[in-house]
Amino acid sequence: MSSPLILDGKIASIALLDQLQQQVTQAVASGKRAPHLVAVIVGNNGASETYVASKAAHSEKIGIQSTIRRLPAEVSEADLLAVVAELNQDPEVDGFIVQLPLPAHISEAAVTNAIDWRKDVDGFHPENVGRLAKNLPSYVSATPLGIVKMLEHYQVETAGKHCVIVGRSNIVGMPMALLMQRNAYPGNCTVTVCHSRTPDLAYHTRQADILIAALGKPRFVTAEMVKPGAVVIDVGITRVPDASKKSGYAVVGDVDFAAVAPITSAITPVPGGVGLMTIAALIQNTVNGWVAFGAGQ
Ligand code: GUN
């Protein structure tokens, strides 16, 4: 089999960000204020710091104003909800996220549900999830939206294909299933969602024309689990110890890339695949909100 097409997140995310930058630049040149994205971060979780810094840097690069609101780990749920209420009301804020995970004494559901859905650029609010399910305009969780944009960029055919998703999380698996089955491009797939209670998982994954691995287990998907010629999308991103690296760790996906890539027709690498699209998708959501509800009109 010929070598697979590498679905390169750097190339696809730059293409999307360039397009968003043009849209923002033109609107600002005609007198609109720039979009404004706020990220709220509670405590100092290292991974959250990295994600938020990256989101802020990419936003600013394309002309989006970016603010990071830091709150101490001990902040009460009531005080965090007060910040959410303030951001909901602020006409200068087009979209905001509260970075997860939150400390154990704060209910993530209570916080997520308190965000005005029109500013919920994470797409986590029940209104947005419900609107997605009903095919109404909505914010879509950034990772599934990034995957859709990746498929679009590389013009991967989806109509009539069997898409198998491993993982049923609210943030990835569930919205991904909604997107892949809808009557649109990318979409029109027959969708199977597998999870930790699925017997004979490999039987299902071998049926996939498009396999989306989002279970969070490093190198879980092996060559025996993949149909030759399938398109494989790897959502996993886990640090594993690796003495050959200067940092002492390697970042790996849910797919055993070296073994699986040769039998696929197309595959996303980790790093450099879905992760970069996720950030671009968040920025897409922010620009969409600014156009729909804010100063970008
Ligand atoms: N933590 C890890 N990923 C995300 C994300 O996409 N949004 C938020 N708010 N928190 C996260």
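Residue indices begin at 1 and follow the sequence shown. Quantities reported herein were computed from a predicted structural model and do not represent experimental measurements. When a ligand or atom number is given, it counts from 1 through the structure's own listing order.
Atoms OG1 and CG, from T268 and L5 in turn, are 11.0 Å apart once rounded to the nearest 0.5 Å. How far CG of L16 is from CD1 of I283: 8.5 Å, rounded to the nearest 0.5 Å.
With a 6.0 Å radius and a threshold of 12 heavy atoms from other residues, nucleotides or ligands, E108 has its CD atom above the threshold.
Between Y139 and F293, the ring-plane angle classifies as tilted under the 30° and 60° cut-offs.
Near ligand 1, residues K55, V98, Q99, L100, D122, F124 come within 4.0 angstrom through at least one heavy atom.
Classification of D8 and K10 as a salt-bridged pair fails, no side-chain N sitting under 4.0 Å from a carboxylate O.
For D18 and Q22, the side-chain atoms include no donor-acceptor pair closer than 3.5 Å.
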